[in-house]
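A short write-up of the structure that comes next.
Both backbone and side-chain heavy atoms feed into the values below; hydrogens, waters and symmetry mates do not. Residue numbers run from 1 in the order of the sequence given.
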Amino acid sequence: VCMIRGPIWVIIALNGQKSMGEVSVSPPTVRIVHSGHACNVEEERHAERVYTIREGETLELTCLVTGHPRPQIRWTKTAGSVSDRFQDSSVFNETLHITKIQRHQGGRYYCKAENGLGSPAIKSIRVDVYFLDDPVVTVHQSVGEAKEQFYYERTVFLRCMANSNPPVRYSWHRGRDVLSQGSDKGVEIYEPFFTQGETKILKLKNLRPQDYANYSCIASVRNVCGISDRNIVFKLTNKTVSPSIKLLVEDPIVVNPGQTVSLVCITTGGEPKPTLSWVSSSDRLPEKSVVKGGTLTLPAITSDEAGVYSCVATNNVGNPAKKSTTIVVRAMKKGRFWITPDPYHNDDNIQIGREVKISCQVEATPPEELTFGWLKNGRALRSSERMVITQTDPDTSPGTTNLDIIDLKFTDFGTYTCVAALKGGGIPEISIDVNISSTTVPPNLTVPRGKSPLVVQEGDTVELECLVSGKPKPIILWSRADKEAPMPDGTLQVESYDGVLRIVNVSREMTGSYRCQTSQFNGFNVKPREAVVELIVQYPPSVEPVSLEMRQGLGRPVAMNCRVLRAHPSRVLRYEWRLGNRLLHAGHFDQSDETEYTVKSLNREGWGEYTCDIINEAGAGRCTFLVTGKAYPPEFYYDTYSPLWQNRPRVYGFKLQWTQMNPNAVDRIVAYRLGIRQMGQQRWWEQEITVEGTITKGELITHNLTELIKPEAYEVRLTPITRFGEGDSTIRIITYSAPVNPHLREFHCSFEEEPICMFTQDKNDDFDWTRHSAATRDTKYTPNTGPSGDRSGSKQGFYMYIETSRPRKEGEVARLVSPFFNVAPKNPYGITNPPAYCFGFFFHMYGKHIGTLNALLRQKGQAATEGPTWSLSGNQGDHWKQAKVSIHPTASFQVVLEGIRGPGIEGDIAIDDVTLEEGECRDLPAISEYRNIRGVWESPPRWLYNLTSLFWILIISGVSA
């Protein structure tokens with residue numbers, strides 16, 4: 001087992017000593033790749049990428065990030081959260097996964113990565129969801145000409161509409177004949193301006209006998225995303241007419257609760273036969289309702305189900321027919337009364353010889369059925385000159401009746417009963433008793449002694465009380481007196497029948513003044529009486545920090561600070577510092593709102609949980625400090641180039657790299673405990689990695705894992721160890737994937753897999769290379785260009801090509817860029833001759849408009865080359881041919897294949913089987929095999945090699961990438 005810190009191979013060769021390499025922390029970068037059911041992915045030059053997908057397919061986008069420490073990833077949509085649009089678990093994962101995507105889920109998706117360094121990295125991709133609904137044909141007559149049988153010798157419009165993305169295109173057929181503009185003088189086809197092309201209207205002018213036929217509307221999105229055309233047929237006859245209906249019920253329908261109501265709707269006309277449906281004024285029918293044909297049944301109806309119900313008939317001819325009825329469910333509620341003393345005297349009391357009025361109020365449905373009756377001491381009472389009974393207008397709700405007693409006499413004292421009933425019956429009567437006697441007096445309100453101000457503890461249950469005297473006792477209304485704020489139950493006013501307001505689990509926000517006042521209901525209709533109760537809620541101190549972990553090494557000072565934010569009462573605050581149960585320090589606050597405790601030199605006994613309790617009459621607030629020598633977790637380095645350093649037939653090795661978070665915060669890390677287990681297994685294999693010397697911040701540590709079984713994935717756990725013991729662990733998953741470039745002599749790419757060997761499209765070109773196979777390529781518009789199979793002759797095999805059809809223009813460029821390849825000289829002490837590599841590929845350049853194919857070399861840290869290393873122009877025949885060129889890079893490099901569009905659409909250029917091998921090219925194709933070839937790569941002059949010698953030493957010593 002080998003442990004390396006930083007790239008040290010050259011220095012070991014020189015002096016045999018280890019070196020501590022450092023890796024600079026790096027801000028995040030982001031790239032979005034796709035692996036779902038995409039129809040197409042376009043790279044736009046000045047906007048975001050566009051991902052096209054068919055509705056109902058699976059969207060899968062992966063956010064590939066770099067940066068150290070490892071960036072946190074978050075997906076959002078249109079600058080907002082997407083957690084309500086797909087599974088919450090995927091919002092913070094690298095992969096955004098939406099199964100059965102719907103049209104409303106289209107839009108711009110952002111991947112945001114941040115690790116605290118610089119600005120967050122953000123990339124976006126626009127998801128365009130394609131769909132096509134079945135079309136609908138509606139038929140209308142020209143306005144103002146509607147009569148009986150109005151489709152005879154009249155102008156008729158057939159309108160076709162289908163929801164779609166992209167915009168739909170329509171075509172019309174009459175029988176088997178295609179209808180087009182100008183094909184028939186009696187037919188016009190046009191798209192109204194206001195519809196913006198979304199509909200297509202067929203106009204039949206002054207109907208002729210041949211116009212009575214079957215009309216087909218075909219909606220098409222031109223087979224994008226494999227969406228097939230949709231069509232609908234409408235039969236136009238001389239009997240075609242809009243629907244008409246009739247309701248076989250009364251309007252309104254008045255019923256008692258619990259009854260079953262059936263509404264019957266029948267069609268009286270319409271061709272084609274209309275379809276009947278029911279709707280209600282509440283937007284949706286009751287859950288227990290049953291619709292069968294044109295009959296709507298509402299079993300055991302309730303008051304909540306009352307309202308307007310409408311029967312709608314449609315047959316896509318003319319306007320829908322609609323008939324409505326109202327269902328009224330009988331009900332009575334809220335019976336109340338009040339007593340009004342003689343209004344002509346400034347006295348709230350009832351007195352002999354004066355007038356007194358008793359009022360009774362009930363809410364009733366329907367209000368016109370409400371009837372009132374009055375009893376005195378159980379006997380019916382009739383209206384007379386001295387006892388006048390009146391009732392409000394039936395249309396006024398709620399209904400009210402008044403009993404005016406003129407010239408009150410002693411014999412009028414007694415119990416008066418107001419009886420409310422509905423004429424239709426079936427609803428229980430409401431009876432309200434009102435006692436008129438010498439003891440009937442207006443109310444008065446007082447607050448009991450000791451009940452204001454009322455001091456309670458937060459969380460208690462409290463009762464605010466107002467004593468009400470008088471007869472009868474009215475309803476008491478409670479509200480906030482000190483501010484416009486809701487009561488604890490959220491309402492602005494609370495009714496109480498006994499004068500008590502009960503608050504459960506009182507909170508500090510409820511401190512304040514509360515008003516109790518009399519209501520006119522169930523009492524005297526006089527000026528309200530009121531009183532105020534003060535409520536004071538005490539609560540223990542709120543402190544910060546509530547909990548804080550503090551990591552520190554032995555022998556170092558630790559300062560802990562606890563601060564008061566709020567408290568009531570805020571006076572006479574005291575504090576107590578403890579370690580476990582042991583009291584360390586106690587005291588009282590003077591002017592300060594914080595207290596501090598310092599451990600001057602931390603020892604082993606000083607590790608543990610420190611608490612600071614700040615105390616008042618209501619209780620204590622606590623700050624908790626966990627003082628520990630626990631090391632922070634290591635941070636895995638995910639941007640290691642070629643971490644698969646060993647690649648044998650059955651096993652592979654992985655270069656595990658990490659930095660240590662805040663290594664100087666605690667005691668020196670003496671070792672790491674490495675745990676590894678195969679995914680899906682329970683058992684961990686562990687070993688200890690000894691650390692010599694002190695780890696510095698940002699130092700890159702490397703440990704080679706060997707003998708990992710292909711193609712298994714492994715879970716790796718890394719735990720730092722100090723004198724304190726084990727620190728925080730970090731876990732990552734390592735997976736095996738066939739290396740794109742295990743060694744240059746082995747590199748070969750035939751574009752058979754979607755990742756295309758990590759080739760990328762250049763961001764600064766005009767258009768992109770396309771991965772395709774002859775089995776799926778559309779040659780409808782360009783039959784005389786492009787290959788009929790891949791390089792091996794297979795129609796199923798894939799290759800890359802440039803599509804030169806419109807909108808491409810002459811001279812536009814598409815570039816395909818390889819991944820970076822590292823070069824390492826065989827002599828680490830200097831570069832006398834740069835290494836040679838043979839870059840090879842197969843090309844197909846067939847068509848009379850072929851442009852140019854170039855091969856270029858890009859080197860890291862150097863300006864772009866002035867010209868191509870290889871170039872070929874013009875038609876080379878309908879054959880695959882091979883190109884090879886020797887290159888001599890002096891730094892990490894990429895190869896670029898550049899296609900330039902020629903003067904016309906027959907100019908597709910294809911490439912396949914790209915290779916890169918060590919050494920000069922051998923068996924070069926004869927120049928005579930090519931036409932119009934120009935340019936070869938010339939080796940750099942000798943002085944350039946000497947100039948780059950120092951550069952190579954820096955690369956292999958780990959200072960430079």
Side-chain angles (χ1 to χ4, degrees), residues 334-363 372 374-377 381 383 386-392 396-418 420 430-448 451-452 464-481 487 491-501 513-533:
K334 287 192 177 178
R336 289 176 169 176
F337 74 91
W338 60 90
I339 301 169
T340 306
D342 193 336
Y344 300 104
H345 295 81
N346 189 19
D347 191 346
D348 291 342
N349 292 288
I350 296 175
Q351 295 186 16
I352 299 295
R354 294 183 181 177
E355 179 182 341
V356 63
K357 180 165 62 174
I358 306 172
S359 301
C360 177
Q361 185 182 83
V362 173
E363 294 182 10
F372 286 104
W374 283 93
L375 305 175
K376 179 185 177 184
N377 298 326
L381 193 63
S383 183
R386 211 170 57 78
M387 292 200 174
V388 181
I389 298 175
T390 59
Q391 185 172 341
T392 58
T396 304
S397 184
T400 306
T401 181
N402 300 308
L403 172 60
D404 276 304
I405 304 175
I406 310 299
D407 188 15
L408 182 68
K409 300 181 181 300
F410 181 79
T411 56
D412 294 330
F413 287 166
T415 299
Y416 292 83
T417 304
C418 163
I430 294 180
S431 297
I432 302 171
D433 293 332
V434 183
N435 187 266
I436 301 294
S437 67
S438 59
T439 60
T440 302
V441 294
N444 190 32
L445 275 182
T446 58
V447 177
K451 293 292 186 177
S452 181
L464 278 60
E465 185 177 359
C466 281
L467 292 178
V468 55
S469 60
K471 187 178 179 182
K473 290 186 177 180
I475 296 173
I476 303 300
L477 303 177
W478 285 93
S479 60
R480 294 294 293 259
M487 297 293 284
T491 62
L492 292 176
Q493 208 171 56
V494 176
E495 290 186 354
S496 170
Y497 287 87
D498 59 0
V500 175
L501 174 65
S513 301
Y514 290 79
R515 178 189 298 111
C516 62
Q517 68 178 32
T518 59
S519 163
Q520 71 173 28
F521 298 121
N522 298 1
F524 275 70
N525 183 19
V526 295
K527 182 179 178 181
R529 276 60 168 166
E530 64 178 48
V532 175
V533 177

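Legend: residues meeting side-chain contact (heavy atoms from CB on, under 4.5 Å) with F410, ordered by chain and number and at least two apart, are F413. With sequence neighbours left out, D498 forms a salt bridge (charged side-chain N to carboxylate O under 4.0 Å, His left out) with no residue at all.
Here the closest non-hydrogen pair linking T390 and T401 is O-OG1, 2.9 Å. Between R529 and D348, the shortest heavy-atom contact is NH2-OD2, 3.0 Å. The two residues A531 and C466 make their nearest non-hydrogen contact at CB-SG, 4.3 Å. Taking all atoms of both residues into account, the shortest heavy-atom contact from F337 to D433 is CE2-O, 4.3 Å. Contact record, E355 with Y344: OE1-CE1, 4.3 Å, taken as the closest heavy-atom pair. Taking every heavy atom of both residues into account, W338 and T400 meet most closely at CH2-CG2, 4.3 Å.
Looking at heavy atoms from C-beta onward, T392 lies out of side-chain contact with Q361 at the 4.5 angstrom threshold. Taking the side chain as every heavy atom from C-beta outward, P472 and I339 approach each other to under 4.5 Å.
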**OP:** Output, in order, the C-alpha distance, side-chain angles, deciding distance and verdict of side chain to side chain contact (heavy atoms under 4.5 Å, CB included) for L467 and E465.
**Re:** CA-CA 7 Å; L467 292 178; E465 185 177 359; 3.5 Å; yes

Original post:
Between D412 and V356, is a side chain to side chain contact (heavy atoms under 4.5 Å, CB included) present by the stated rule, with each step listed?
Top reply: CA-CA 11 Å; D412 294 330; V356 63; over 6 Å; no

**OP:** Run the numbers on W478 and Q493 for side chain to side chain contact (heavy atoms under 4.5 Å, CB included), then give the verdict.
**Re:** CA-CA 6 Å; W478 285 93; Q493 208 171 56; over 6 Å; no

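More than 12 heavy atoms of other residues, nucleotides or ligands lie within 6.0 Å of NZ in K376, so this atom counts as buried by the packing criterion. Atom CG of N346 is surrounded by 12 or fewer heavy atoms from other residues, nucleotides or ligands within 6.0 Å.
Test I350, N349, T518 against F524 for side chain to side chain contact (heavy atoms under 4.5 Å, CB included) and you get one pass: I350.
A donor-acceptor pair under 3.5 Å is formed between the side chain of R386 and the backbone N or O of D407. A donor-acceptor pair under 3.5 Å is absent between the side-chain atoms of S519 and the main chain of L477, judged by distance alone. A donor-acceptor pair is defined here as one N or O able to donate and one able to accept, closer than 3.5 Å; such a pair exists between the side chain of N377 and the backbone of T415. Using modelled atom types, no side-chain atom of S452 and backbone atom of V533 make a donor-acceptor pair closer than 3.5 Å.
We find the OH-CE distance between Y514 and M487 to be 6.0 Å, quoted to the nearest 0.5 Å. Residue D404 holds its CG atom at 8.5 Å from OG1 of T340, rounded to the nearest 0.5 Å.
Ion pairing between E495 and R336 holds under the 4.0 Å rule for side-chain N and carboxylate O.
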